[in-house]
Structure formats: C-alpha cells, structure tokens
There are 2 protein chains.
Amino acid sequence: MDVKRRLRSRGYRVTPQREAVLEVLRENEGVPLDPEAVFEFTRERYAGIGLATVYRTLELFCDLGLVLRVHLHEGSQHYEINTGKHHHHMVCVSCGSVEEFKGCVVDELEESIREDSDFVVTSHCLSLFGYCPACLPAR
Amino acid sequence: MDVKRRLRSRGYRVTPQREAVLEVLRENEGVPLDPEAVFEFTRERYAGIGLATVYRTLELFCDLGLVLRVHLHEGSQHYEINTGKHHHHMVCVSCGSVEEFKGCVVDELEESIREDSDFVVTSHCLSLFGYCPACLPAR
DNA sequence: ACTCCTATTGATAATTGCTCTCAATAACAC
DNA sequence: GTGTTATTGAGAGCAATTATCAATAGGAGT
Ligand SMILES: [Mn+2]
Ligand SMILES: [Mn+2]
Ligand SMILES: [Zn+2]
Ligand SMILES: [Zn+2]
C-alpha cells in the first residue's frame with residue numbers, strides 16, 4: 001500500500017480503524033457515503049470502531065487528498081474515494097439517487113473569471129439537481 | 001409594494017416582521033447573509049423579532065421566489081434577495097469575502113448532459129473558491 | 001522482545017444550526 | 001368592531017458534528 005507510507009511519512013500512524021475505513025470507501029467507489037453509512041459499513045470489518053473515529057478519519061483522508069468531500073445538499077456531508085478523475089454529481093430530487101457526470105466545464109469557466117476578475121480560483125463545487133430516468137415518468 | 005400583494009394573494013399576511021426582514025435583505029443586495037446575521041440586522045428595525053421567525057420568513061421568501069438560498073459551504077445557509085440576474089459566488093478561502101460572478105456556463109453544461117445522460121437537470125449549485133485580490137499577496 | 005513516547009481511540013458531553021410545539025397575539029375579511 | 005385563523009416568540013427538541021479526556025496501542029529506538 002502506498003497509503004501506509006503516506007500516513008507514516010507525515011507522522012500519522014497506520015491503525016486498523018483507518019485501514020477499515022479506507023477499504024469501505026474503496027469498495028464504494030462512485031457512491032458518495034455519509035459518515036453514518038461509513039460507520040455502519042466499517043463496523044462490519046472492525047466492530048469496535050467509534051463514530052468519532054470515522055469523522056476524524058474522513059477529515060484526515062480529505063487532508064491527505066485520499067478522499068473527496070461531496071456536497072449533495074442533504075442534511076449530512078458525503079465522502080468518496082479520490083480516483084483522480086475530476087467529476088461532479090447529479091442528484092435526483094425525487095428518489096435521491098446520485099449519478100456521476102464527467103464533463104465539467106468549470107475549467108473553462110475559471111479561465112473566463114481570470115479575465116473578468118482579480119479573484120484567483122483554486123477549487124469549485126458543483127452539483128446538479130433534477131430527475132433520474134426512473135423518476136421522470138412520475139412528473 | 002408588489003410583495004404585499006403577492007403575500008396576501010396567497011393567503012399570507014403582511015407583518016412588520018416580514019417587512020423588516022425583506023428590508024434587511026434588500027439593503028444587503030449582493031451580500032449573502034446567514035440567518036443569524038439577518039436576525040441581528042432585523043432586530044435593529046424590529047427589536048422583538050425572534051430567531052425562529054427569521055428562519056420561517058427566509059423559508060417563506062424562498063418559496064415565493066423573493067429570496068435565493070446560497071450555499072457557500074460554510075456552517076450555515078446563506079440567503080440573498082433575488083434580483084432576477086442569475087449568478088454564482090466566489091468565496092475567498094482566506095478572508096471569507098464573497099464576490100459575485102455572472103457568467104454561468106452551467107446552462108450549456110445542462111445541454112451537454114441532456115445528450116450524455118437521461119437525467120433531466122432542473123437546477124444547479126455552483127460555488128468557486130480561491131483568493132481575493134486583497135488576500136493574494138499573502139500567498 | 002521490551003520500553004517509552006505520544007498519536008489515536010471510544011465513550012460521552014458539548015456545540016451548532018435548525019425545526020417543532022404551543023399558548024398568546026395580531027392580520028384582515030366581513 | 002368582531003371573529004377567524006395565520007403568525008409570533010420562547011423554549012424544547014433534534015440531527016450532525018466537534019471537543020474532551022482517560023485508556024490504549026503504534027512504532028522508533030534499544
Ligand atoms: Mn463521484
Ligand atoms: Mn449574490
Ligand atoms: Zn430518481
Ligand atoms: Zn480574501
């Protein structure tokens with residue numbers, strides 16, 4: 001694992017809790033999970049893990065760039081493994097299903113901003129809302 | 001006021017609390033405020049207003065389309081008067097200042113999605129993060 | 001393998017942002 | 001003015017997240 005090295009090189013320790021959380025996120029590639037869901041899945045691998053540890057681990061992994069925060073504008077934050085492929089999400093306002101889409105025009109947008117404004121953009125957050133194919137017929 | 005008419009026509013009542021909140025939002029056009037800030041400003045006009053009333057009023061105004069919810073991805077929700085001009089925001093990760101930008105490429109994006117996917121997009125949420133001109137020199 | 005230092009953990013308390021409840025109040029149609 | 005009922009303020013309640021802290025355990029050094 002490259003992750004173990006990355007943790008240790010920054011003074012962090014490799015714990016079974018952290019390994020279990022990482023496994024869960026990897027198994028759910030493409031499915032943004034909230035902390036409660038990560039907690040439940042991780043308990044199946046490491047029964048004694050505490051919810052606070054899940055929160056702490058998710059934040060650490062975000063800092064390390066292993067994991068990405070996803071804002072689906074629901075009650076809680078969501079997280080997904082960072083595959084390196086930039087993308088965003090479409091959320092069905094009817095059933096809550098989440099679909100990825102790759103084409104992100106924001107890179108172009110950032111350029112046009114560099115012209116209009118003196119603001120230097122370093123990141124962005126984009127989510128789309130609407131109806132998934134399954135929910136479309138019902139209005 | 002057109003707003004009074006709009007409220008009454010839907011069975012809502014025109015109260016001094018609602019008028020005070022609307023005034024505050026109008027005075028702060030271009031400055032997304034969180035409920036606590038709206039509360040504090042409104043108290044200067046209507047000292048006895050309760051925080052719950054502010055929350056209820058903001059939600060009502062959103063439903064009526066008078067006010068827009070702004071996700072700056074801070075702890076709390078933000079709100080701004082709806083001027084009818086579609087735009088998004090850039091947030092300085094250093095000082096927290098918020099700047100508007102008009103050019104939104106998402107409309108084009110929604111089109112390309114209509115081709116790639118069966119998902120029907122009805123709305124979107126976009127925010128940009130980076131450094132404002134004032135904060136740039138200091139890294 | 002043993003020791004020591006200290007990062008990490010789990011349980012739980014505390015905090016935050018927001019919503020609900022309910023009796024008192026006040027719009028406003030008549 | 002009167003009556004109906006939408007609205008209000010105070011405070012309880014709630015859900016997500018963060019802080020606290022004593023106990024535990026990773027792992028570098030021996
Ligand atoms: Mn994704
Ligand atoms: Mn704005
Ligand atoms: Zn759906
Ligand atoms: Zn700044």
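Convention: sequence-line order gives letters A, B, ...; per-chain numbering from 1.
Contacts between residues 58-70 of chain B and DNA chain C, counted as heavy-atom distances below 4.0 Å, involve no residue at all. Contact check of residues 36-51 of chain A against DNA chain C (heavy atom, cut-off under 4.0 Å) returns A/Y46, A/G48, A/I49, A/G50.
A salt bridge does not link A/K85 with A/E29: every distance from a Lys NZ or Arg NE/NH1/NH2 to an Asp or Glu carboxylate oxygen is 4.0 Å or more. Salt-bridge formation is detected for the pair B/E19/B/K4: a Lys NZ or Arg NE/NH1/NH2 atom is positioned less than 4.0 Å from an Asp or Glu carboxylate oxygen.
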Please list, for nucleotides 28-30 of chain C, all pairs of protein and nucleotide N/O atoms separated by less than 3.5 Å.
| unit_1 | atom_1 | unit_2 | atom_2 | d |
| --- | --- | --- | --- | --- |
| C/dC28 | OP1 | B/R8 | NE | 2.9 |
| C/dC28 | OP1 | B/V14 | N | 2.7 |
| C/dC28 | OP2 | B/R8 | NH2 | 3.1 |

Find every protein N or O atom lying less than 3.5 Å from an N or O atom of nucleotides 2-4 of chain C, and list the pairs.
none

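Proximity of a side-chain donor or acceptor of A/R26 to a complementary backbone N or O of A/V21 within less than 3.5 Å is not detected. Using modelled atom types, no side-chain atom of B/R45 and backbone atom of B/P16 make a donor-acceptor pair closer than 3.5 Å. A/H78 places a side-chain N or O within 3.5 Å of a backbone atom of A/S76 that can act as its donor or acceptor partner. Of the possible polar contacts, one joining the B/R6 side chain to the B/L64 backbone as a donor-acceptor pair under 3.5 Å is found.
Considering only residues two or more places apart in sequence or on other chains, A/N28 meets the side chain to side chain contact (heavy atoms under 4.5 Å, CB included) condition with A/V24, A/V31, A/L33, A/F41. By the side chain to side chain contact (heavy atoms under 4.5 Å, CB included) test, A/E36 pairs with A/D34, A/F39, A/E40, A/L51, sequence neighbours left out. Taking A/P35 as the reference, A/Y55, A/L58, A/Y79 meet the side chain to side chain contact (heavy atoms under 4.5 Å, CB included) condition, with sequence neighbours excluded. For A/E100, the side chain to side chain donor-acceptor pair (under 3.5 Å) partners are A/H87, not counting sequence neighbours. Every residue two or more places apart in sequence or in another chain that forms a side chain to side chain contact (heavy atoms under 4.5 Å, CB included) with A/C125 is listed here: A/H71, B/H73, B/F129.
Where the helix from C/dA1-D/dT30 to C/dC30-D/dG1 starts and where it ends, the local axes point in directions that differ by 40°; five pairs per end, rounded to 10°.
You can see that DNA chain D meets the heavy atoms of chain A within a 4.0 Å-exclusive cut from D/dA16 to D/dG27, reading 5' to 3'.
Counting to the nearest Å, the P atom of C/dT12 and the OH atom of A/Y55 are 17 Å from each other. Distance, B/K4 NZ to C/dA27 P: 12 Å, rounded to whole Å.
Here the CG-CE distance, from A/L72 to A/M90, works out to 12.5 Å after rounding to the nearest 0.5 Å. In this structure, OG in A/S127 is found 8.0 Å from CZ in A/F101, a value given to the nearest 0.5 Å. Distance CD1/B/I81 to CD/B/E23: 9.0 Å, rounded to 0.5 Å. One finds the CD1 atom of A/I49 at 10.0 Å from the CZ atom of A/R43 (value rounded to the nearest 0.5 Å).
In this model, the phosphate group of C/dC18 is not approached by any side-chain N or O of B/R56 to a distance below 4.0 Å at OP1 or OP2.
Sorted by first and then second residue, the side-chain hydrogen bond (donor to acceptor under 3.5 Å, both in side chains) pairs involving residues 57-66 of chain A (not counting sequence neighbours) form an empty list.
In this pair, A/H88 and A/H124 present their aromatic rings tilted. The plane angle is within the 30 to 60° band.
Place B/Q17 and B/Y79 on DNA chain C by their nearest nucleotides, and B/Y79 ends up nearer the 5' end. Nearest-nucleotide positions on DNA chain C for A/A52 and B/A52 put A/A52 closer to the 5' end.
Counting only N and O atoms by type, the side chains of A/R56 and A/T53 include a donor and acceptor under 3.5 Å apart.
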